[in-house]
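Structure first, then comments.
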Amino acid sequence: MEREFWLERWIRQEIGFHQPDVNPWLQRLWPELAVPAGRPVFVPLCGKSLDMLWLAEQGHPVIGVELAETAVRAFFHEARRPCRLERQRHLQLFHDDEIAIYCGDFWDLAAMHVAPAAAVYDRASLIALPEKMRQHYADHLQRIVSDGTRMLLLTLEYDQSLVAGPPHAVGEAEVMRLFGTRCTVERLCSGTVCRLPPKFVEGGVSEAVEVAYRLTKTA
């Protein structure tokens, strides 16, 4: 059901989760990861995020994965970046010299696809998934990235009893449960979300907090 849900959102262009600008948390906190220039960054469930362009501008080759081909083609078209297409067994690879996006199911990614990555940037992947899928996502992510990989994870905290996600609320205890056995987890900072989604306001959510974590895979 999740697969069809997200594909339908892109077909209908119901993409309120897409940010029209580079994420300010990324710009502010990326130096905290100390990822050497030239080392690739993996962006799961990347959509057509402009954050990938910003990362490339910092000297990082980008490896993304996105379910919706509509989103992948829109990214390269809107960025005016001609791309090449390679068809693989379960995935399609759209790429230019700096950015490569695998189009297909996240669960079909293997270590060989993301092995070069020294870091992971997750702005809206974990919080896009319902609780029953988040454990699967975290397990697979930690399975395919190498030891020593650094991650910048952004989550959202709010009273989810008032409104259903996505985006879903993911608290610190859940982050520790999902990642704490195989990663060091550091809470970097948090801040109140200035502009809430309309459905949050309609549901009575008066405040949401965005939280940033730095994770390092250790095992």
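Hydrogens, waters and symmetry mates play no part in the numbers below; they use all other heavy atoms, side chains included. Sequence positions, counted from 1, serve as the residue numbers for this chain.
Side-chain atoms of Ile127 and Pro166, non-hydrogen and from C-beta on, never get closer than 4.5 Å to each other. Within the 4.5 Å cutoff, side-chain heavy atoms of Thr192 are placed close to those of Glu207. Side-chain contact check for Val209 versus Val193: every heavy-atom pair is 4.5 Å or farther apart. Looking only at side-chain heavy atoms (C-beta outward), Thr184 and Phe179 stay at 4.5 Å or farther from each other. Looking only at side-chain heavy atoms (C-beta outward), Asp159 and Phe200 stay at 4.5 Å or farther from each other. Considering only heavy atoms from C-beta on, Leu141 comes within 4.5 Å of Met151 through its side chain. Side-chain contact between Val201 and Pro198: absent, with no pair of heavy atoms (C-beta onward) separated by less than 4.5 Å. With a 4.5 Å cut-off on side-chain heavy atoms, Val41 and Ile63 do not count as touching.
Remark: Lys48 does not engage Glu66 in a salt bridge, criterion side-chain N to carboxylate O under 4.0 Å. A salt bridge is defined here as a Lys NZ or Arg NE, NH1 or NH2 lying under 4.0 Å from an Asp or Glu carboxylate O, and Asp97 with Arg84 meets this definition.
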Problem set entry | side-chain contact (heavy atoms from CB on, under 4.5 Å) evaluation trace for Leu154 with Tyr121 | CA-CA 8 Å; Leu154 304 183; Tyr121 169 56; 4.2 Å; yes
Problem set entry | Stepwise side-chain contact (heavy atoms from CB on, under 4.5 Å) test for Arg81 and Leu53 | CA-CA 10 Å; Arg81 298 176 72 111; Leu53 296 176; 3.7 Å; yes
For this session: Apply side-chain contact (heavy atoms from CB on, under 4.5 Å) to the pair Thr155 and Val175, showing each step before the final yes or no.
Result: CA-CA 9 Å; Thr155 65; Val175 172; 4.1 Å; yes
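Scored by the side-chain contact (heavy atoms from CB on, under 4.5 Å) test, Glu69 finds Arg73, Gln92, Phe94, Cys103 as partners (sequence neighbours excluded). Evaluation of the salt bridge (Lys or Arg N to Asp or Glu O under 4.0 Å) rule for Glu186 yields Arg214 as partners, not counting sequence neighbours.
In the hydrophobic clustering of this structure, Leu126 groups with Leu215; members are Ile, Leu, Val, Met, Phe, Trp, Tyr whose side-chain heavy atoms approach within less than 4.5 Å, directly or through other members. Residues Val22 and Val35 are members of one and the same hydrophobic cluster, defined by side-chain heavy-atom contacts under 4.5 angstrom among Ile, Leu, Val, Met, Phe, Trp and Tyr. When the side chains of ILVMFWY residues are joined at heavy-atom separations under 4.5 Å, either directly or via intervening members, Val62 and Phe75 end up in a single hydrophobic cluster. Residues Ile99 and Val43 share a hydrophobic cluster, clusters being chains of Ile/Leu/Val/Met/Phe/Trp/Tyr side chains in contact below 4.5 Å. The hydrophobic cluster containing Trp54 also contains Leu152, counting ILVMFWY residues as joined when their side-chain heavy atoms lie under 4.5 angstrom apart, directly or transitively.
A distance-only check finds no donor-acceptor pair linking the side chain of Lys199 to the backbone of Val163 [under 3.5 Å]. Between the side chain of Gln142 and the main chain of Ala138, a donor-acceptor pair closer than 3.5 Å is present. Counting only distance, with no hydrogens or angles, the side chain of His113 and the backbone of Ala110 share a donor-acceptor pair below 3.5 Å. Although no hydrogens or angles enter the test, the distance criterion places no donor-acceptor pair under 3.5 Å between the side chain of Lys217 and the main chain of Arg182. In this structure, the side chain of Ser125 does not engage the main chain of Asp122 through any donor-acceptor pair within 3.5 Å. Although no hydrogens or angles enter the test, the distance criterion places no donor-acceptor pair under 3.5 Å between the side chain of Arg187 and the main chain of Tyr213.
Of all heavy-atom pairs spanning Ser190 and Val211, the tightest one is CB-CG2, 4.0 Å. Heavy-atom minimum distance, Gly64 versus Cys46: CA-SG, 4.0 Å. Annotation for Gln160 and Gly165: closest pair NE2-N, 3.0 Å, computed over non-hydrogen atoms. Annotation for Pro167 and Tyr158: closest pair O-OH, 2.6 Å, computed over non-hydrogen atoms. Taking all atoms of both residues into account, the shortest heavy-atom contact from Asn23 to Asp51 is N-OD1, 2.9 Å. Across all non-hydrogen atoms, the minimal contact from Ala100 to Leu93 is CB-CD1, 3.9 Å.
To the nearest 0.5 angstrom, Leu188 atom CG is 10.0 Å from Leu153 atom CG. The CD1 atom of Ile101 sits 13.0 Å away from atom CG of Leu91, with the distance rounded to the nearest 0.5 Å. Annotation: the span from His77 atom NE2 to Arg80 atom CZ amounts to 8.0 Å, rounded to 0.5 Å. Once rounded to the nearest 0.5 Å, the distance linking CD of Glu57 with CG of Leu50 reads 10.0 Å. If you take CG on Leu55 and CZ on Phe42, they are separated by 13.0 Å, rounding to the nearest 0.5 Å. Interatomic distance, CD of Glu210 versus SG of Cys189, reported as 9.0 Å (0.5 Å rounding).
Side-chain polar atoms of His168 and Glu131 form no donor-acceptor pair below 3.5 angstrom. A donor atom on one side chain and an acceptor atom on the other are found under 3.5 Å apart for Gln135 and Asp139. Side-chain polar atoms of Trp107 and Asp105 form a donor-acceptor pair below 3.5 angstrom.
In summary, the aromatic rings of Phe106 and Tyr137 are positioned with their centroids under 6.0 Å apart. Aromatic rings from Trp30 and His60 are positioned such that their centres are separated by under 6.0 Å.
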